[in-house]
Amino acid sequence: MTSLPAGVRFIERDWLNANSILLTDDEQNILIDTGFFACADATLRLLAQPQNLGDKPLHRIINTHCHCDHMGGNAALKSLYQCEITVPQDEADIVRRWDRMALWLDFANHRAEPFVLDSVIAPGQRFIGGALEWHAISAPGHDMGAMVFYCEQEKLLISGDALWEHSFGLVLPDPPQCLAAARATLECIAQLDIRYVLPGHGKVFSNVSQALDLAFGRVEYFAQDPVRLASHAIKAMFGFTLLDRGRMPLVTLPEYLQRVPSSAQLNAKYLHLPPDELAHWLVSHMEKAGVALRENGWLISGSP
């Protein structure tokens with residue numbers, strides 16, 4: 001059974017939402033990542049539970065990175081708690097401009113509510129949360145501005161999407177340095193003395209060496225052929241949209257995949273499939289993976 005320090009609360013979510021980590025002490029209460037914006041009410045209810053915040057204030061939000069499933073609750077939480085919002089230093093400009101392509105919103109047809117940031121955190125900076133000191137470490141790859149947070153005292157890593165128990169967040173094939181950056185991030189994590197990883201998705205885990213071996217193997221697999229990386233990115237980005245929408249009409253998928261930049265651009269450069277073939281390929285792979293099924297003309301999220 002996982003035993004975390006008293007001031008560290010891991011709030012596990014589903015795959016539409018990133019997990020949240022609540023750090024509480026006598027000075028301030030900090031939330032790392034806030035889930036998807038359409039689930040903001042559920043996030044508020046979770047925080048209001050007695051074992052989490054209860055009726056105490058939330059002072060600060062810190063995001064590991066600014067994709068829609070990690071910063072989607074920022075605006076709602078700020079409205080309720082009047083809390084400070086802190087994002088990684090290299091994400092600040094695109095958040096201030098609300099650059100919908102750079103944030104993957106228009107790029108992948110994802111959704112998020114704009115918010116106003118108050119401060120940034122840079123690699124090497126430290127903060128106190130849960131009566132513990134956390135070290136901010138640059139973690140590019142899945143998101144080139146992302147960060148992870150490490151507590152040396154308790155040997156804890158808040159990993160965002162840099163490392164999960166069985167994988168890591170999708171990496172785009174362009175620019176090509178993204179995959180190399182993901183590898184470098186894993187190498188950095190491998191140098192840390194870690195007891196538990198608190199990931200952005202999935203459960204807390206302690207088998208860090210095994211997780212890293214799987215992740216390095218995945219990097220090598222993708223490095224052998226950029227088409228593999230592009231294919232995975234198309235499936236992952238569309239899969240998130242389907243998870244959000246719940247269902248999509250099959251007849252519209254070819255047009256949809258041509259219209260959305262992530263699938264259109266990656267297909268044009270790497271897969272070279274006609275629209276109907278791309279839709280058939282995508283649906284077949286999602287069915288095989290057990291994350292979607294066809295029913296009465298619809299593609300439905302979830303296993304049969």
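Everything numeric here is computed off the predicted structure, so don't read it as measured data.
- Scanning all heavy atoms of the two residues, the minimum distance from D276 to P254 falls at OD1-CG, 3.3 Å.
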(request) Would you sort out whether F127 and F149 count as a ring-ring contact (aromatic ring centres under 6.0 Å, His included), showing the intermediate values? (result) CA-CA 9 Å; F127 65 92; F149 306 118; 5.5 Å; yes

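- Sequence neighbours left out, the pairs with a member in residues 20-45 that pass ring-ring contact (aromatic ring centres under 6.0 Å, His included) are F36-F240.
- With sequence neighbours excluded, no residue forms a side-chain contact (heavy atoms from CB on, under 4.5 Å) with D26.
- Under the rule for a side-chain contact (heavy atoms from CB on, under 4.5 Å), the partners of P274 that lie at least two apart in sequence or sit in another chain are E277.
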Let me have the donor-acceptor pairs involving side chains of residues 160-175, under 3.5 Å, with sequence neighbours excluded, atom names and distances please.
from: D161; atom 1: OD1; to: H70; atom 2: NE2; distance (Å): 3.2
from: D161; atom 1: OD1; to: W164; atom 2: NE1; distance (Å): 3.2
from: D161; atom 1: OD2; to: H65; atom 2: NE2; distance (Å): 3.4
from: D161; atom 1: OD2; to: H70; atom 2: NE2; distance (Å): 2.9
from: D161; atom 1: OD2; to: H142; atom 2: NE2; distance (Å): 3.2
from: W164; atom 1: NE1; to: G160; atom 2: O; distance (Å): 3.4
from: E165; atom 1: OE2; to: N207; atom 2: ND2; distance (Å): 3.4
from: S167; atom 1: OG; to: R218; atom 2: NE; distance (Å): 2.9
from: D174; atom 1: OD1; to: K269; atom 2: NZ; distance (Å): 3.2
from: D174; atom 1: OD1; to: Y270; atom 2: OH; distance (Å): 2.9
from: D174; atom 1: OD2; to: K269; atom 2: NZ; distance (Å): 3.4
from: D174; atom 1: OD2; to: Y270; atom 2: OH; distance (Å): 2.9

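- For CD of E12, the number of neighbouring non-hydrogen atoms (other residues, nucleotides, ligands) closer than 6.0 Å is greater than 12.
- Residues passing the side chain to side chain donor-acceptor pair (under 3.5 Å) test with Y150, sequence neighbours excluded: none.
- Every residue two or more places apart in sequence or in another chain was checked for a ring pair (Phe, Tyr, Trp, His ring centres under 6.0 Å) with H135, and none qualifies.
- The hydrophobic cluster containing L293 does not contain L16, counting ILVMFWY residues as joined when their side-chain heavy atoms lie under 4.5 angstrom apart, directly or transitively.
- With hydrogens and angles disregarded, a donor-acceptor distance shorter than 3.5 Å links the side chain of D33 to the backbone of T64.
- Taking the side-chain contact (heavy atoms from CB on, under 4.5 Å) definition, one finds that S138 meets it with P123, P140, sequence neighbours left out.
- Side-chain atoms of K78 come within 3.5 Å of backbone N or O of C83 as a donor-acceptor pair.
- Of all heavy-atom pairs spanning E113 and W98, the tightest one is O-CH2, 3.7 Å.
- Screening residues 39-49 for side chain to side chain donor-acceptor pair (under 3.5 Å) gives R13-T43, Q49-Q51 as the qualifying pairs, with residues at least two apart or on separate chains.
- M147 and A136 get closest at one heavy-atom pair: CE-CB, 3.5 Å.
- A salt bridge links E220 with R183: at least one charged nitrogen is closer than 4.0 Å to a carboxylate oxygen.
- For R100 and F107, the positive end is not near the middle of the six-membered ring at less than 6.0 Å and at most 45° from its axis.
- Scanning both residues, A139 and V148, for their nearest heavy atoms gives CB-CG1, 3.7 Å.
- Here the closest heavy-atom approach between residue G202 and residue N19 is recorded as O-ND2, 2.8 Å.
- S231 approaches L271 most closely through the heavy-atom pair OG-CD1, 3.7 Å.
- Taken together through direct or relayed side-chain contacts under 4.5 Å among Ile, Leu, Val, Met, Phe, Trp and Tyr, F10 and L157 form parts of separate hydrophobic clusters.
- By the side chain to side chain donor-acceptor pair (under 3.5 Å) test, Q258 is found to be paired with no residue, residues two or more places apart in sequence or in another chain being considered.
- For the atom pair L44 CG and C39 SG, the distance stands at 11.0 Å (nearest 0.5 Å).
- The side chain to side chain donor-acceptor pair (under 3.5 Å) check on D143 picks up H67, with sequence neighbours excluded.
- With sequence neighbours excluded, the residues satisfying side-chain contact (heavy atoms from CB on, under 4.5 Å) with F238 are L242, M248, L253, Y256, L257, L282, M286, L299.
- Electrostatic pairing of R60 and D118 does not count as a salt bridge here, judged by no charged N lying under 4.0 Å from a carboxylate O.
- Put simply, the side chain of Q28 never gets that close to the backbone of D25: no donor and acceptor are under 3.5 Å apart.
- Q125 is linked by a side chain to side chain donor-acceptor pair (under 3.5 Å) to nothing, counting only residues two or more places apart in sequence or in another chain.
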